Number of protein chains: 2
Amino acid sequence: MIQPRPRTIPEATVARLAVYLRVLTALGDGGRSTVSSGELAAAAGVNPAGLRKDLSHLGPCGVRGVGYEVATLHDRISRVLGVERSRGCVLVGMGNLGSALADYAGFGTRGFEFVGLFDAAPDRVGQSIGGHTVQPMDALDEVVAATQASIGVITTPAEVAQSVCDRLARAGVRSILNFAPVPLAAPPGVDVRKVDLSVELQVLAFLGQQRLGAAAPLAPVEEPA
Amino acid sequence: MIQPRPRTIPEATVARLAVYLRVLTALGDGGRSTVSSGELAAAAGVNPAGLRKDLSHLGPCGVRGVGYEVATLHDRISRVLGVERSRGCVLVGMGNLGSALADYAGFGTRGFEFVGLFDAAPDRVGQSIGGHTVQPMDALDEVVAATQASIGVITTPAEVAQSVCDRLARAGVRSILNFAPVPLAAPPGVDVRKVDLSVELQVLAFLGQQRLGAAAPLAPVEEPA
DNA sequence: ATGTGTGAAGATTTTCACAGCA
DNA sequence: TGCTGTGAAAATCTTCACACAT
């Protein structure tokens, strides 16, 4: 049996494919039928050559001298990312951030479906958010088992994030997205991805300050002797 | 005049420095006075050698054979990241996500201060979130000018994100953090950093699915019947 | 002995340049 | 001619191994 493509697509590429997919959807809705790599790259905010390299991981999918067919490329990327199959997600920690995610309609069209919202606080249990009712933590194992949810999202305070991670893993969740500002350890076979909002702000601020420093090199940090 | 250090710290390193800083704060609060690179790395979820390499960008700041002094290292990183100087941030788009950010206390201790919350919807204007009152978009220029805010955060729907970006840039904001799922163009001198929550989920899901595919190579792509 | 600081090797990602096909 | 697909070069980031200070 031949290996038609190397089964490994670089992670950086996968992230960009998701962006291209969004742009293609918008383009298709706008009635466009073809795009060039230059145009698509501009709309996605990346370098054209890089975009072509990314797409090359999916095999040839454009027409030389012409460009890409919007609908075809959209389908191809959808297939690779697995957008078609709906994936159940459970969300733990229904504070502001959790509520924001539960309410965000954009996930539905990307193959994600929230199948359970959980919180430890009794006064949050029973609330309805984004069409779902918040359930107590006790119900977690049962819901994960019943819905075969494969993804868990943690939006709890940092202090309890690890214990929530453990519970999710034990319940059978295989992939975890962690918004709590703390690194999590998970058993082998479960992978954790982290999003740290304050780190993003910090990096942004540093780059801005660095840029200023380069432009007006005054008071160069004054090393403490 | 000599160049004591190359003024450029890799972006990846900056992101991790922010994480180390958080760990060091926790460690200091716990009464610890010294740490080794191994221990700090474990707490931050990174490789020890990488951590040392990261810190090497700040110049020598440990004691060989002993480790790092928690308080000293904390100060050094704070200095470099510019945590000391308070930076004004304005936030545009007070939906769920905007509210979550405005309410998150963690930013204050990292040198960020929200100095203005804005929304275009009349019924959101006047609400109080995280100790601030939501203001109409008309007030934006004035507030940015008065507070010298240097950072803008966009948590609006995608459709209006570009126009908000333009307004922020015109008002004098130099750094923008964009949560809207659309790439933004900004004038030179303004840098934009993007956080795309649905992309994070998509990457996580893909990696999970890829892992499964590798583990149990059944039904290679099997069209949905 | 112990753990930092760092040059060098290795892996990954980005960019370039151009061959090849419509 | 115009734009895709791709090897090769460049830049970047990570990991290793060990000299060196305490």
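Keep in mind the model is a prediction, meaning the values are calculated, not measured. Throughout, a chain's letter reflects where its sequence line sits, starting with A, and its residues are numbered from 1.
Taking a cutoff of 4.0 Å between a charged side-chain nitrogen and a carboxylate oxygen, B:E113 and B:R87 do not qualify as a salt bridge.
At whole-Å resolution of the value, NE2 in B:H57 and C1' in D:dT12 are 11 Å apart. One interatomic measurement links the two molecules: CG of B:D54 to P of D:dC13, which rounds to 11 Å at whole-angstrom precision. Protein atom OH of B:Y68 is 16 Å distant from nucleotide atom P of D:dA21, rounded to whole Å. Here the C1' atom of nucleotide C:dT4 and the CD atom of B:E69 are 15 Å apart, to the nearest Å. Spacing between atom CD1 of B:I9 and atom P of D:dC13 amounts to 12 Å, rounded to whole angstrom units. For the pair B:L55 CG and D:dT14 P, the computed distance is 14 Å after rounding to whole Å. Here the P atom of nucleotide C:dG3 and the CG atom of B:L51 are 14 Å apart, to the nearest Å.
Contact annotation: B:N47 side-chain N/O to D:dC16 OP1/OP2 distance is under 4.0 Å. Considering only side-chain N and O atoms, A:R16 lies under 4.0 angstrom from the phosphate OP1 or OP2 of C:dT14. In this model, the phosphate group of D:dT4 is approached by a side-chain N or O of A:S37 to a distance below 4.0 Å at OP1 or OP2. Applying the 4.0 Å criterion to OP1 and OP2 of C:dG7, one finds that B:R52 has every side-chain N and O outside that range.
If you check every strand for non-hydrogen atoms under 4.0 Å, B:P48 touches nothing.
Side-chain N/O atoms of B:R64 and base N/O atoms of D:dC20 include a donor-acceptor pair closer than 3.5 Å.
Summary of the strand contacts: A:A12 and A:G65 both lie near DNA chain C, and taking for each the nucleotide with the nearest heavy atom, the more 5' one is attributed to A:A12. In terms of position on DNA chain D, the residue among A:G67 and A:K53 whose nearest nucleotide sits closer to the 5' end is A:G67.
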- Step-by-step salt bridge (Lys or Arg N to Asp or Glu O under 4.0 Å) determination, B:R193 to B:E11: CA-CA 12 Å; B:R193 197 173 167 82; B:E11 186 171 322; 2.6 Å; yes
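Under a 3.5 Å cut-off, the side chain of B:N47 and the backbone N or O of B:L51 do not form any donor-acceptor pair.
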